[in-house]
J.: 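Quick one: the structure is below, questions incoming.
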Amino acid sequence: MNCLKVLKKTVIDSQLYVSSMGTFFAVFFMLEQNTFRFPSVLLIFITYFSGYLYTKYQNTKYFYRIFFLNVITGIISAALIIFNHNEIRLVKWAVIVVLGLLYNSLFLETYIRKIPLLKVFYVGLVWALVNSWLTLPEFNFPVFLISFFFVTALVLPFDIRDMESDTVQTFPKLIGVQNTKFLAYILVFISTILSVFYLKIHCAVSFYLTSVITFILIYFSESKRDDAYYSFGVETCSVLPFLFFIIMEYF
């Protein structure tokens, strides 16, 4: 039990886990598009990690430490882009960072997280832009849609988890838990169908297998479940396409 608590505190609560999951999800599409580059992977991880840290600690006594860390990571990210990519990539990265700030910055009078029902789609939008725009020479609409529908579906179980504590209108509070699950099923199904038509065969199979596990985790989502079910279990769905791809490609 103590090991689980340490793991939760050092990996999950530190935002390392969700940042890694988002990064591996992007790597999956980079491999599918043959655009894998380590500087891009490092850039994506740093961007996710600093963004999630800012969101979590912006209203705590650690704010100034996190702000300083964000300045440093921002400089590192800009250097990675300047020395490994081009000014267009820098603009793309800056747009995504601004979108992240608009999501949940307390210095704004109204931010995205306060707007009823919008949160799930906004998170899907930002992750989808990372996968389909930031890492690719040109915007890839199929990759955007696959990412957008899948990530949006993954956020819905978290709304089920938080339905008792959320102060804004969310889908579970509006249409109920079961209908929220049906909505998530539909989004995952659309994402899977798109992957069959637009991704290479190994990647499409990887995404299909991921969808099966995602369906199961959505099915068992309840508001009373332990937080680890969501922050570890549901979150892990993002890395599954990459893992299945590696298994089929190299083993």
J.: Looking at every heavy atom in both F28 and S206, which two are closest together, and how far apart are they?
T.: CE1-CB, 4.1 Å
J.: Applying the 4.5 Å side-chain criterion to the ILVMFWY set and letting contacts propagate, would V196 and I186 be lumped into a single cluster?
T.: no
J.: More than 12 non-hydrogen atoms from neighbouring residues, nucleotides or ligands closer than 6.0 Å to OH on Y219, yes or no?
T.: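 For Y219, atom OH is not crowded (no more than 12 foreign heavy atoms under 6.0 Å).
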J.: List the atom of S195, the atom of A204, and the distance in Å for their closest heavy-atom pair.
T.: O-CB, 3.5 Å
J.: Going by ring pair (Phe, Tyr, Trp, His ring centres under 6.0 Å), name the residues that satisfy it together with F45, two or more places apart in sequence or in a different chain.
T.: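 Counting only residues at least two positions away or on another chain, F45 forms a ring pair (Phe, Tyr, Trp, His ring centres under 6.0 Å) with F49.
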J.: CD1 of I218 to CG of L187: how many Å apart, nearest 0.5 Å?
T.: 8.5 Å
J.: Below 4.5 Å, heavy atoms only, C-beta onward: do N104 and I112 meet side chain to side chain?
T.: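 They are not in side-chain contact.
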J.: Classify the side-chain pair Y54/S105 by whether it contains a donor and acceptor separated by less than 3.5 Å.
T.: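 Side chains of Y54 and S105: pair found under 3.5 Å.
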J.: Report the relative orientation of the aromatic rings in F207 and F29; use parallel for angles under 30°, tilted for 30 to 60°, perpendicular for over 60°.
T.: tilted
J.: Are the side chains of I66 and Q58 in contact, using a 4.5 Å heavy-atom criterion?
T.: no
J.: With a 4.0 Å cut-off on N to O distance, would you call E87 and K92 a salt bridge?
T.: no
J.: Show your reasoning for whether side chain to side chain contact (heavy atoms under 4.5 Å, CB included) applies to F63 and Y57.
T.: CA-CA 6 Å; F63 170 75; Y57 293 107; over 6 Å; no
J.: Under 4.5 Å between any side-chain heavy atoms of F220 and R225, yes or no?
T.: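 F220 reaches R225 side chain to side chain.
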J.: Heavy atoms only: give me the nearest E32-C203 pair and the separation to one decimal.
T.: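 Where E32 meets C203 most closely, the heavy atoms are CG-SG, 3.1 Å.
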J.: So, the side chain of K56 versus the backbone of Q15: is there a donor-acceptor pair under 3.5 Å, distance only?
T.: no
J.: Sequence neighbours excluded and cut-off under 3.5 Å, please list the side-chain donor-acceptor pairs for residues 143-161, or say none.
T.:
residue: S147; atom: OG; partner: N131; partner atom: ND2; Å: 3.1
residue: S147; atom: OG; partner: V143; partner atom: O; Å: 2.9
residue: T152; atom: OG1; partner: F148; partner atom: O; Å: 2.6
residue: D159; atom: OD1; partner: K119; partner atom: NZ; Å: 2.6
residue: R161; atom: NH1; partner: D227; partner atom: OD1; Å: 2.6

J.: To the closest 0.5 Å, what do you measure between CG (L80) and CZ (R89)?
T.: 11.0 Å
J.: Any chance CZ of F141 has more than 12 other-residue heavy atoms, nucleotides or ligands included, within less than 6.0 Å?
T.: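 Counting neighbours around CZ of F141, 12 or fewer heavy atoms of other residues, nucleotides or ligands fall under 6.0 Å, so no.
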J.: Assess the pair Y185 and F189: is the distance between their ring centroids shorter than 6.0 Å?
T.: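 No - the distance between ring centres of Y185 and F189 does not fall below the 6.0 Å cut-off.
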J.: Are M21 and Y229 joined in one hydrophobic group, where the rule is that I, L, V, M, F, W and Y side chains link up if heavy atoms are under 4.5 Å apart?
T.: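 Same hydrophobic cluster.
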J.: What's the separation between atom OH in Y122 and atom CG in L118, rounded to the nearest 0.5 Å?
T.: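 CG of L118 is found 8.0 Å from OH of Y122.
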J.: Would you indicate whether Y208, at its atom OH, is surrounded by more than 12 heavy atoms from other residues, nucleotides or ligands within a distance under 6.0 Å?
T.: no
J.: Measuring only between side-chain heavy atoms, which start at C-beta, is F244 closer than 4.5 Å to V239?
T.: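 With C-beta onward as the side chain, the pair stays apart.
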J.: Hey, any chance F83 and I75 share a hydrophobic cluster, counting ILVMFWY side chains that come within less than 4.5 Å of each other, even indirectly?
T.: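 In one cluster: no.
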J.: With the side chain counted from C-beta on, respond yes when H202 and I247 share a heavy-atom pair under 4.5 Å apart, and no when they do not.
T.: no
J.: Does any non-hydrogen side-chain atom of E235 lie less than 4.5 Å from one of Y230?
T.: no
J.: Which pair of non-hydrogen atoms, one from S221 and one from L217, has the smallest distance, and what is that distance?
T.: OG-O, 2.8 Å
J.: Indicate yes or no for a side-chain donor-acceptor contact from T35 to the backbone of L31 under 3.5 Å, with no hydrogens or angles considered.
T.: no
J.: Determine whether Y48 and L90 fall in the same hydrophobic cluster, where Ile, Leu, Val, Met, Phe, Trp and Tyr are linked whenever their side-chain heavy atoms lie under 4.5 Å apart.
T.: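 Hydrophobic grouping puts Y48 with L90.
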J.: Is the NZ or CZ atom of R65 both under 6.0 Å from the centre of the six-membered ring of Y62 and within 45° of that ring's axis?
T.: no
J.: For C237 and T210, work out which heavy atoms get closest and say how close.
T.: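 Between these two residues, the closest heavy atoms are O-CG2, 3.5 Å.
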J.: Between Q169 (side chain) and I115 (backbone), is there a donor-acceptor pair under 3.5 Å?
T.: no
J.: Roughly how far, to the nearest 0.5 Å, is the CG atom of L117 from the NZ atom of K173?
T.: 10.5 Å
J.: Apply side chain to side chain contact (heavy atoms under 4.5 Å, CB included) to S132 and F139, showing your working.
T.: CA-CA 6 Å; S132 64; F139 182 78; 3.5 Å; yes
J.: The test is side chain to side chain contact (heavy atoms under 4.5 Å, CB included); show your working for T236 and Y17 and say whether it passes.
T.: CA-CA 9 Å; T236 301; Y17 195 71; 2.5 Å; yes
J.: Is there a side-chain contact between W133 and N140 in this structure, where contact means two heavy atoms from C-beta onward sitting under 4.5 Å apart?
T.: no
J.: Taking atom CZ of R37 and atom CG of L42, what is their separation to the nearest 0.5 Å?
T.: 12.0 Å
J.: Under 6.0 Å between ring centres, would you say that holds for Y111 and Y103?
T.: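 That pair fails the under 6.0 Å test.
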J.: Which atoms form the tightest heavy-atom contact between S77 and W93, and what is the distance?
T.: CB-CZ2, 3.4 Å
J.: Among L43, I46, I81, which residue satisfies the side chain to side chain contact (heavy atoms under 4.5 Å, CB included) criterion with I76?
T.: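 Result: among L43, I46, I81, I46 is the only option passing the side chain to side chain contact (heavy atoms under 4.5 Å, CB included) with I76.
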J.: Is the side chain of D166 donor-acceptor paired with the backbone N or O of V168 at a distance under 3.5 Å, no angle test?
T.: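 Such a contact is absent between D166 side chain and V168 backbone.
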J.: Measuring from D162:CG to S165:OG, what's the distance to the nearest 0.5 Å?
T.: 4.5 Å
J.: Can you hop from V71 to V98 via hydrophobic side chains spaced under 4.5 Å?
T.: yes
